[in-house]
There are 2 protein chains.
Amino acid sequence: MSEKEERERTAGGTLAHRVPDLGALELLLAVARLGSLGAAAREVGITQPAASSRIRSMERQLGVALVDRSPRGSRLTDAGALVTDWARRVVEAAEAFDAGAQALRDRRDSRLRVAASMTIAEYLLPGWLLALRAQRPDTAVSLLAGNSAAVAERLLADEADLGFVEGLTVPHGLDSAVIAHDRLIVVVAPAHPWARRRRPLAAEELAATPLILRERGSGTRQVLDAALGGLARPLIELSSTTAVKASAVSAAGPAVLSELAVREELAIRRLVSIPVDGVALRRDLRAVWPTGHRPTGPARELLSLTRG
Amino acid sequence: MSEKEERERTAGGTLAHRVPDLGALELLLAVARLGSLGAAAREVGITQPAASSRIRSMERQLGVALVDRSPRGSRLTDAGALVTDWARRVVEAAEAFDAGAQALRDRRDSRLRVAASMTIAEYLLPGWLLALRAQRPDTAVSLLAGNSAAVAERLLADEADLGFVEGLTVPHGLDSAVIAHDRLIVVVAPAHPWARRRRPLAAEELAATPLILRERGSGTRQVLDAALGGLARPLIELSSTTAVKASAVSAAGPAVLSELAVREELAIRRLVSIPVDGVALRRDLRAVWPTGHRPTGPARELLSLTRG
DNA sequence: CTCGCTCATAAGACCAGCTTATGCCCTCAT
DNA sequence: ATGAGGGCATAAGCTGGTCTTATGAGCGAG
């Protein structure tokens, strides 16, 4: 038996084997909401025996009783309530995935064509799309992700109705509205000496320290270089936000990243944010459209969602 | 064809049918990281043809090309990079689910027995468990969720090694350390008139308005009643945080909830937070243990994670 | 006492995903 | 040049999980 097989035997296989699939989680949420296996079955479009068997096998898989069955319905056990709350998070992430994926697919015949920068497309857009779907379920949206220049190009060629950019400047020919702010923040692994600093970092200190950075030319790198006067010293240059995060987590050194990108990691303290004095690392997130063509219809709808 | 069937046909079935399963998402992440279908296949423990077919069917399902295959390996397309980022969120939620579910199961033979209040178990503990697993992969944790009194009881009966509570007071016989803070906040749906207020709400105004609340006796209700001097007027009383959230989202009225519980909803603007003047809605989250028995071993490890 | 709701069990159909066995393409080193 | 090796695709067959239909049994209300 290989080492991997041994590990998997004791741990119960891979993640996908230990976690019920989305259908089962959705079913569980429906049971929690409706208080009955049969009703939940109807809602998700299967028969009652299928629901019964599915919940049962989920209980076997998790090794925990999730629902109390009675001739008058089914209620969650205490453990079941907890599991359901955790399950809700998985399903919500899946819904965001779905909203995004549908927008990537549509392309043609969509009533709203959006062009967005990577950071916005990655972290904010799925949520907006879900909200939009809640308000106007039949609005088909298509999404194209690219840098500021690409977004501008699409808009000016009338291949997109609304754009979102995060650069320092607004491309020519476009009007814009600030919809949110983003800050670049300095993060380190909790084990890094800086994590124990009491005083904010000085700008010179930051400029003098080799940092884990995105490659030159990326949006976040531009902002940082501008803020430091072109002085940022790279320890490593990586080509994706994810790679930078991973590198920082493994304590390779301090990294500079968008607040949006590390919100999760900060919340669970996988990374720690270091305050910096005297550097303007704030940047605007903007909605953009061709000069004069104020967004109307679905575009206007989406725009209003992004500002509350 | 029924209405439901019609809707499903056009939308492509239920969520579980539109979103690839966890195994496929994990595989995609592996491909992104390793740059090759075959290598990714080895990592997740399947054969190369299986991986090839799985990625292909995922592309068909989403209607988007995800990877550029070449005789020298596979790289993500632009759309693939975006999809992978969204997929990562789903997988992370699933990992948190898994960490929590394992802790619910173990019960016996676990080296660390934790008792926690619902809110903490729901929102914070999975993240801590993941962090702990990263540091000490072989620490089996068991979890019991209950109110403050139940947590105290377990600790004093030596049936738990470490507890977490969120009440106003620390139960007798326990020492404690504040590990974080939580605030109760007033939230409304974006459509609610309060969402457009410019000035903070006065305490009297809050006390005079019927609110969507948890039932009397719940932790958050206790804190609110104490802060308002027992004056909170319920519009409806519901028995779970989730029900309160749902009710607030559907614009039934203002609700008061833990900041932890609505972080997500605020981020995507499904709910809006209303500042309140002159009321102390802050409460401490505390780790607790039997007086004199400072946590050692795995308990100490976990405790240190909760504070960074 | 029977209707209507609940859930459980059993038997069989079906399909998605896996494996093994191939083959082709490209690159690099001998 | 030529073979070795890594990359991916295709085909055929097996397996297991999940569905369905059919049925039965418990509990409560009219």
Side-chain angles (χ1 to χ4, degrees), chain A residues 2 4-5 8-9 12-28 30-62 65-77 80, chain B residues 1-2 4-5 8-9 12-62 65-77 80:
Chain A
S2 79
K4 171 181 280 185
E5 282 165 349
E8 290 190 352
R9 191 187 56 75
T14 165
L15 185 62
H17 292 152
R18 286 183 314 234
V19 177
D21 67 39
L22 276 175
L25 298 182
E26 279 191 283
L27 176 63
L28 180 63
V31 171
R33 186 153 27 83
L34 301 172
S36 140
L37 292 189
R42 278 192 297 282
E43 183 170 274
V44 305
I46 61 178
T47 59
Q48 172 268 317
S52 180
S53 134
R54 214 157 186 200
I55 295 283
R56 185 170 298 285
S57 72
M58 182 160 40
E59 289 178 316
R60 201 172 8 146
Q61 182 180 23
L62 299 178
L66 299 174
V67 305
D68 270 335
R69 293 129 172 105
S70 90
R72 296 190 313 290
S74 295
R75 287 187 53 76
L76 294 178
T77 60
Chain B
M1 183 182 289
S2 77
K4 171 179 279 184
E5 280 165 351
E8 290 190 351
R9 191 188 56 76
T14 166
L15 185 61
H17 293 152
R18 287 183 314 234
V19 177
D21 67 41
L22 277 174
L25 298 182
E26 280 192 282
L27 176 63
L28 179 63
L29 295 185
V31 171
R33 185 154 28 83
L34 300 173
S36 139
L37 293 188
R42 278 192 296 282
E43 183 171 271
V44 305
I46 60 177
T47 59
Q48 172 267 317
S52 180
S53 134
R54 216 162 182 194
I55 294 284
R56 185 170 297 284
S57 72
M58 182 159 40
E59 288 177 317
R60 202 175 7 154
Q61 182 181 21
L62 299 179
L66 298 174
V67 305
D68 271 334
R69 292 124 172 112
S70 91
R72 297 190 312 290
S74 295
R75 287 188 53 75
L76 295 178
T77 61

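A quick note: this is a predicted structure, and the numbers were derived from the prediction, not measured. In the text below, chain A, chain B and the rest are named by the order of the sequence lines, each starting its count at 1.
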Between [N] ([atom2]) and [X] ([atom1]): distance, integer Å:
X        : N       : atom1 : atom2 : answer
Asp68(B) : dG7(D)  : CG    : C1'   : 14 Å
His17(B) : dC15(C) : NE2   : P     : 13 Å
Leu34(B) : dG7(D)  : CG    : P     : 10 Å
Leu37(A) : dT6(C)  : CG    : C1'   : 9 Å
Glu59(A) : dC7(C)  : CD    : P     : 12 Å
Arg60(A) : dG17(D) : CZ    : P     : 9 Å
Leu22(B) : dA16(C) : CG    : P     : 18 Å

**Request:** Look only at the side chain of Ser74(B) and the backbone of Val67(B), and say whether a donor-acceptor pair between them is shorter than 3.5 Å.
**Result:** no
**Fill in**
Of the listed dC8(D), dA9(D), dT9(C), the closest approach to the Arg56(A) side chain comes from dT9(C)
**Request:** Kindly compute the distance separating CG (Leu28(A)) from CG (Leu62(A)), expressed to the nearest 0.5 Å.
**Result:** 9.0 Å
**Which atom of Gly80(B) lies closest to which atom of Thr77(B), heavy atoms considered** = N-OG1, 2.9 Å
**Fill in**
Here the pair of heavy atoms bringing Leu22(B) nearest to Pro20(A) is CD1-O, 4.5 Å
**Message:** Less than 4.5 Å apart, side chain to side chain, heavy atoms only: is that true for Leu27(A) and Leu37(A)?
**Reply:** no
What pairs of nitrogen or oxygen atoms, one from the protein and one from nucleotides 18-23 of chain D, lie under 3.5 Å apart?
{"residue": "dC19(D)", "atom": "OP1", "partner": "Arg54(A)", "partner atom": "NH1", "Å": "3.2"}
{"residue": "dT20(D)", "atom": "OP2", "partner": "Thr47(A)", "partner atom": "N", "Å": "2.9"}
{"residue": "dT20(D)", "atom": "OP2", "partner": "Thr47(A)", "partner atom": "OG1", "Å": "2.7"}

Between [X] and [N], does any side-chain N or O lie under 4.0 Å from OP1 or OP2?
X        : N       : result
Arg69(A) : dA8(C)  : yes
Ser52(B) : dT10(D) : no
Ser36(A) : dT6(C)  : yes
Arg72(A) : dG28(D) : yes

**Message:** According to side-chain hydrogen bond (donor to acceptor under 3.5 Å, both in side chains), does anything in residues 46-59 of chain B pair up with another residue at least two apart or in another chain? List the pairs.
**Reply:** Asp21(B)-Arg54(B), Glu59(B)-Arg69(B)
**Prompt:** Under the side-chain hydrogen bond (donor to acceptor under 3.5 Å, both in side chains) rule, what pairs show up with a residue in residues 22-37 of chain B, not counting sequence neighbours?
**Reply:** Thr14(A)-Glu26(B), Arg33(B)-Glu43(B)
